[in-house]
Amino acid sequence: MAKNKLLVLFPGRNYSVDKPLLYYAAKVFEKRGYEVIGLNYNFYLKGNKNDIAGLIEEAKQYVVNQLKNVDFSRYEDIVFVSKSMGTALAGYYETLKHIRVRHIFLTPVPEGMKYMQRGKCIVVAGKEDTFLDAQKLKIYCVEQEVSLKQFEEVGHSLEHNEDMNITFAILMVIIRMYREF
């Protein structure tokens with residue numbers, strides 16, 4: 001009997017599962033037969049919104065609580081798509097529960113880097129990201145043999161401030177990555 005496939009979405013601090021990068025991940029993977037779980041922890045966080053490390057620590061309990069009834073052993077393929085602080089939470093949860101996961105890390109924060117491992121993930125970032133230096137991320141990914149896609153002229157949001165056509169082109173490249181992952 002074939003097992004199921006699961007996608008779990010880990011949003012960022014100001015980036016819910018209803019925003020384009022995560023919304024289209026859900027659509028693409030759902031079409032490919034994945035069950036989709038979108039997490040929500042931002043509403044509950046009481047800490048300083050500028051203290052990403054503190055928010056990550058605070059959000060861990062909400063992640064564990066929202067996934068407590070999921071039997072991961074039922075799934076033959078588990079994919080975590082995470083954005084920003086969600087990259088640290090996705091890696092943390094995989095490590096905590098000792099489950100086998102493939103990751104798509106969107107605009108990771110420094111706390112998420114230690115979870116990026118060869119053959120298990122793709123990393124997507126903007127070269128103008130202020131949360132994680134583009135060169136530092138590139139060097140880390142080369143050393144760890146992690147697949148990295150960096151976009152010119154965009155930062156942490158992966159959106160171009162002046163040209164929506166560039167934003168849409170980036171989104172299309174990422175959606176294609178979802179289809180091929």
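Bear in mind that the values here come from a model prediction, so they are computed numbers and not experimental data.
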(request) With I170 as reference, evaluate L21, I175, V154, N165 under the side chain to side chain contact (heavy atoms under 4.5 Å, CB included) test and give the passing residue. (result) V154

(message) For a side-chain contact (heavy atoms from CB on, under 4.5 Å) check, start with the C-alpha distance between T87 and K83, then their side-chain angles and the critical distance, and finish with the verdict.
(response) CA-CA 6 Å; T87 62; K83 171 80 171 89; over 6 Å; no

(message) Name the residue from V17, V28, I104, V36 that meets the side chain to side chain contact (heavy atoms under 4.5 Å, CB included) definition with V81.
(response) I104

(request) Test D77 against L6 for side-chain contact (heavy atoms from CB on, under 4.5 Å), laying out the working first. (result) CA-CA 6 Å; D77 186 27; L6 176 67; over 6 Å; no

(request) Identify whether V109 and V8 are in the same connected component of the hydrophobic contact network (ILVMFWY, side-chain heavy atoms under 4.5 Å). (result) yes

Please set out all donor-acceptor pairs under 3.5 angstrom arising from side-chain atoms of residues 37-45, sequence neighbours excluded.
{"residue": "Y41", "atom": "OH", "partner": "P11", "partner atom": "O", "Å": "2.5"}
{"residue": "N42", "atom": "ND2", "partner": "G12", "partner atom": "O", "Å": "2.5"}
{"residue": "N42", "atom": "ND2", "partner": "R13", "partner atom": "O", "Å": "3.3"}

(message) With a 6.0 Å cut-off (strictly less than), is the heavy-atom count around CZ of F181, excluding the residue itself, greater than 12?
(response) yes

(message) Please check: side-chain N/O of Y92 versus main-chain N/O of Y115, any donor-acceptor pairing under 3.5 Å?
(response) no

(request) Answer with yes or no after comparing the ring centroid distance for F72 and Y93 against a 6.0 Å cut-off, counting only values under it. (result) yes

(request) Output the distance between atom CG (L9) and atom CG (L7), rounded to the nearest 0.5 Å. (result) 4.5 Å

(request) Determine, stepwise, if the pair M113 / F105 fulfils side-chain contact (heavy atoms from CB on, under 4.5 Å). (result) CA-CA 9 Å; M113 287 178 66; F105 291 111; over 6 Å; no

(request) Begin with the C-alpha distance, continue with both residues' side-chain angles, and end with the deciding distance and a verdict on side-chain contact (heavy atoms from CB on, under 4.5 Å) for Y15 and L106. (result) CA-CA 11 Å; Y15 203 92; L106 303 170; over 6 Å; no

(request) Is it possible for you to say whether L96 and I56 belong to one hydrophobic cluster, with membership spreading through side-chain heavy-atom contacts below 4.5 Å? (result) yes

(message) Tell me if the aromatic rings of F80 and F10 count as close, with their centers under 6.0 Å from one another.
(response) yes

Using residues 120-132 as the side-chain source, report each donor-acceptor pair under 3.5 Å to any protein atom, sequence neighbours left out, with the distance given to one decimal.
{"residue": "K120", "atom": "NZ", "partner": "E94", "partner atom": "OE1", "Å": "3.4"}
{"residue": "K120", "atom": "NZ", "partner": "E94", "partner atom": "OE2", "Å": "2.3"}
{"residue": "K127", "atom": "NZ", "partner": "E152", "partner atom": "OE2", "Å": "2.8"}
{"residue": "D129", "atom": "OD1", "partner": "F131", "partner atom": "N", "Å": "2.8"}
{"residue": "D129", "atom": "OD1", "partner": "H156", "partner atom": "ND1", "Å": "3.0"}
{"residue": "D129", "atom": "OD2", "partner": "H156", "partner atom": "ND1", "Å": "2.8"}

(request) Look at the side-chain heavy atoms of Ile, Leu, Val, Met, Phe, Trp and Tyr, link any pair under 4.5 Å apart, and say whether V146 and V173 land in one connected group. (result) no

(request) Compute both the distance and the angle, then confirm whether R32 meets the cation-pi test with F29: under 6.0 Å from the six-membered ring centre, within 45 degrees of the axis. (result) yes

(message) Quick check for you: to the nearest 0.5 Å, what is the distance between Y75 atom OH and I99 atom CD1?
(response) 11.0 Å

